[in-house]
Protein chains: 2
Amino acid sequence: MSDDRMFGLQRHERVMDELRRHGAVRVRELAELLGVSELTVRRDIAALAAQNLLTKVHGGATLPTELTPAAPTRRRGSVGPRFTIGMVVPSLDYYWPAIVSGARSAAAAQGVNIQLRGSTYDWAEDRRQITRLIEAQQVQGLLLAPNLEGDSLEMIRWIGELPVPVILVERQPPRWTPTPYQLEWVRSDHALGLELAVRHLHDHGHRNIGLLLSKGSPTSAHLARGWDLVCADLGIPAGLVVRDSVRMDEPGHRALIAQLLDRCRASGATALVIHSDPEAMSVAQYCNELGMTIPGDLAIVAYDDEVAKLAEPAMTAVRPPKPMVGRTAVELMVARLTEGRRRPIQRVLVTPELIIRDSSMPLSTPVRSTWA
Amino acid sequence: MSDDRMFGLQRHERVMDELRRHGAVRVRELAELLGVSELTVRRDIAALAAQNLLTKVHGGATLPTELTPAAPTRRRGSVGPRFTIGMVVPSLDYYWPAIVSGARSAAAAQGVNIQLRGSTYDWAEDRRQITRLIEAQQVQGLLLAPNLEGDSLEMIRWIGELPVPVILVERQPPRWTPTPYQLEWVRSDHALGLELAVRHLHDHGHRNIGLLLSKGSPTSAHLARGWDLVCADLGIPAGLVVRDSVRMDEPGHRALIAQLLDRCRASGATALVIHSDPEAMSVAQYCNELGMTIPGDLAIVAYDDEVAKLAEPAMTAVRPPKPMVGRTAVELMVARLTEGRRRPIQRVLVTPELIIRDSSMPLSTPVRSTWA
DNA sequence: TCAGAAACGTTCAGATTCGTTCATGGGAGG
DNA sequence: CCTCCCATGAACGAATCTGAACGTTTCTGA
């Protein structure tokens with residue numbers, strides 16, 4: 001089933017992954033981690049460095065910085081707009097690395113720099129990071145993903161008054177904002193993503209589906225909206241919605257899952273859509289311990305597709321277009337900086353993708369994606 | 001399963017399925033799984049790679065990522081992708097010329113051609129034009145603005161089955177479409193445009209505002225939605241909405257306007273938002289004949305800004321970002337044609353602009369847009 | 001400054017994979 | 001029924017990937 005070996009490209013991705021997660025990697029560790037010789041790792045690093053995706057240092061590699069020696073200058077004459085864009089994201093180890101990576105590669109293609117700042121899901125910290133970026137006077141634009149829960153109007157007004165253009169990433173302010181210019185944003189269409197999941201399950205015969213939302217995520221609201229719409233469209237019950245945190249590191253998660261499964265049984269649900277992979281894997285593992293089979297006794301679709309592939313069975317998941325969101329944000333920002341205020345405000349929705357694996361369909365069924 | 005042999009296309013789908021499930025596939029395993037020779041698998045992979053559906057690597061294939069070595073960079077001649085894009089618009093004399101013009105200039109910048117076809121606001125004619133463009137085999141993509149009133153699902157399904165990528169312009173299909181790929185679109189955010197108009201009037205003291213919608217325009221629905229939302233937000237009455245055609249060339253338009261003004265007087269309305277310039281000018285002219293002053297006795301904001309500037313007094317109007325819509329559509333299409341199906345679906349809203357002239361504010365007031 | 005240790009990269013070899021060339025066979029169309 | 005065409009498969013030289021060996025460079029601490 002699993003390969004003992006990976007392809008070169010996969011290794012490259014893995015290297016970049018580790019790099020984004022930790023900011024730096026060392027050859028020795030990577031060699032062990034990936035199960036290849038150090039020489040191979042060095043070759044990988046050299047290849048990635050040739051694309052300016054990382055900076056080679058003695059003993060390993062780091063994320064590229066403006067200090068990178070001998071950055072091959074862009075093609076001769078057309079230096080292009082050399083902007084520096086600040087980016088503040090709420091997390092650097094879940095969900096956001098893929099967005100940052102998409103942003104980084106778009107930035108490389110456009111010849112601009114990105115100043116990345118990790119924050120938390122907390123507005124005060126967001127604000128601190130943003131303020132520091134602005135005060136450093138180095139950034140011409142900002143890509144932000146602030147926590148808009150709470151008194152969002154106040155935050156939005158504050159953001160609107162920043163001296164540089166702002167584009168919100170994976171966030172949607174109210175449709176009208178009390179700012180001199182309407183705010184620009186780009187986000188995944190999570191409501192549609194959820195709809196894809198439910199319709200996939202519906203296509204495979206499930207008529208009674210439940211939804212488990214993780215608490216406190218800005219995504220939940222969109223998922224809930226998509227849920228209501230698609231259930232109404234398909235004429236299936238929309239009642240089984242649970243908001244709870246059932247991660248394995250959460251105390252009492254087993255009791256919560258047991259409770260959830262009771263509700264499924266009571267309402268006759270045969271499938272669950274679960275927000276965020278860890279929660280889905282937690283549920284799957286619990287089912288496994290109980291002797292329930294997946295997808296036989298319960299079909300599961302996870303939402304996020306960060307680690308769903310690694311579950312056993314591999315989990316069908318909705319994958320938000322994270323790299324594309326980052327990329328689009330950068331492209332919008334470059335356009336805004338290049339064209340100035342005359343350019344009309346754009347708001348972009350990007351559609352997630354449904355990755356069909358084994359947790360949602362009987363294994364014997366010939367594999368056939370609805371996306372064919 | 002049923003057949004010992006499958007067609008090439010089926011095999012391709014199967015390969016993509018495996019790929020989506022596992023993220024990577026190995027030539028050897030696929031050959032065994034599909035019961036064909038490795039050479040055949042390699043040929044399949046090469047074909048799929050040519051469509052950017054996967055990335056070929058030594059020993060197999062992976063899903064395309066941003067690390068995917070760039071396709072043959074077409075620098076030297078830098079001929080650019082010389083695509084030809086078909087564009088079918090419902091009118092060539094109102095509203096649409098600005099969109100087409102935006103599209104044309106973007107096309108020139110991108111080095112692609114546009115085949116323009118005028119149609120009507122009628123689905124049968126749309127379909128005829130589209131069919132002809134397809135059959136001529138000259139276009140690699142289509143920008144369409146079909147009339148989606150009526151049995152829109154049927155039309156959407158038809159559009160989804162066209163052999164070239166489609167982007168809808170100023171049209172929004174249902175959030176989910178029964179097509180192999182979700183439809184892509186770009187449109188003006190008319191609801192927000194209307195909101196700008198109402199808030200502008202509200203800012204200048206109007207607390208009782210009416211809305212006149214032209215009948216049968218696809219825009220009306222968005223305007224009505226924006227109207228309900230903004231009236232609720234501002235806490236002003238939303239009851240005075242009239243749907244009528246009051247163009248000067250419409251028989252009986254004077255009676256309808258008289259009726260409208262009666263309703264305004266009855267409800268105490270001091271301002272009107274009127275969809276489409278000709279209607280607004282018609283009302284303004286009638287008011288003028290009655291001796292009412294604009295904006296003194298009645299403030300007017302027109303929606304479309306096609307000819308609003310020519311009115312007397314010059315009319316404040318919401319200007320949908322028409323050139324930008326056309327431009328964005330072309331840019332999206334070029335991206336789609338360049339990057340293929342792997343590119344996630346984008347849906348873009350562009351924000352209109354409020355052009356403040358004389359019909360909404362006392363003439364003495366220095367004209368100053370809230371947009372500074 | 002120097003020496004030891006670690007890391008690096010060149011070279012070579014073994015193994016695997018790729019793709020060209022040519023031959024075969026079955027289905028579509030006449 | 002025949003022919004043409006395309007998809008497939010076999011074989012083999014070419015290309016690629018990987019790791020070991022070993023001389024060279026860089027780092028670190030005395």
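Just so you know, these numbers come straight off a predicted model, no measurement behind them. Naming: A, B, ... by sequence-line order, numbering from 1 per chain.
Nucleic acid contact for B:Val57: sugar-phosphate only, since backbone atoms but no base atoms lie under 4.0 Å from a heavy atom of the residue. Looking at heavy-atom distances under 4.0 Å, B:Arg43 makes contact with a base.
The separation between A:Phe7 atom CZ and D:dC17 atom C1' is 12 Å, rounded to whole Å. Atoms CZ (B:Arg26) and C1' (D:dT16) sit 14 Å apart, rounded to a whole Å. Whole-Å rounding puts the B:Glu29 CD to C:dT16 P distance at 15 Å. The distance between atom CG of B:Leu30 and atom C1' of C:dC18, rounded to the nearest whole Å, is 16 Å.
Listed by first and then second residue, the salt bridge (charged side-chain N to carboxylate O under 4.0 Å, His left out) pairs that reach into residues 314-327 of chain A are A:Asp305-A:Arg319, A:Glu306-A:Lys322, A:Arg327-A:Glu331, A:Arg327-B:Glu339, sequence neighbours excluded.
No donor-acceptor pair under 3.5 Å is formed between the side chain of B:Glu125 and the backbone N or O of B:Ser119. Remark: side-chain polar atoms of A:Gln10 are not paired, donor with acceptor, to backbone N or O of B:Ala24 under 3.5 angstrom. Looking only at distances, no side-chain donor or acceptor of B:Asp44 sits under 3.5 Å from a matching main-chain atom of B:His12. Not one N or O on the side chain of A:Glu195 forms a donor-acceptor pair closer than 3.5 Å with the backbone of B:Trp176.
The pair B:Glu184-B:Arg336 meets the salt-bridge criterion, since a charged nitrogen lies less than 4.0 angstrom from a carboxylate oxygen.
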Practice task
Determine, for nucleotides 25-30 of chain D in 5'-to-3' order, which nucleotides have protein heavy atoms under 4.0 Å from the base (write B), from only the sugar-phosphate (write S), or from neither (write -).
Solution key: -SS---
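A:Leu54 is listed as a side-chain neighbour of A:Met16, based on a closest heavy-atom distance under 4.5 Å.
Side-chain nitrogen and oxygen atoms of A:Arg42 include none within less than 4.0 Å of the OP1 or OP2 phosphate oxygen of C:dG9. Considering only side-chain N and O atoms, A:Lys56 lies nowhere under 4.0 angstrom from the phosphate OP1 or OP2 of C:dA7. Between B:Thr40 and D:dG9 there is a side-chain polar atom (N or O) within less than 4.0 angstrom of OP1 or OP2.
Taking for each of B:Glu38 and A:Asp44 the nucleotide of DNA chain D with the nearest heavy atom, the 5'-most of the two is the partner of B:Glu38.
Nearest to the side chain of A:Val27, among D:dG9, C:dC8, D:dG19, sits C:dC8. Nearest to the side chain of A:Leu39, among C:dT17, D:dT8, C:dT10, sits C:dT10.
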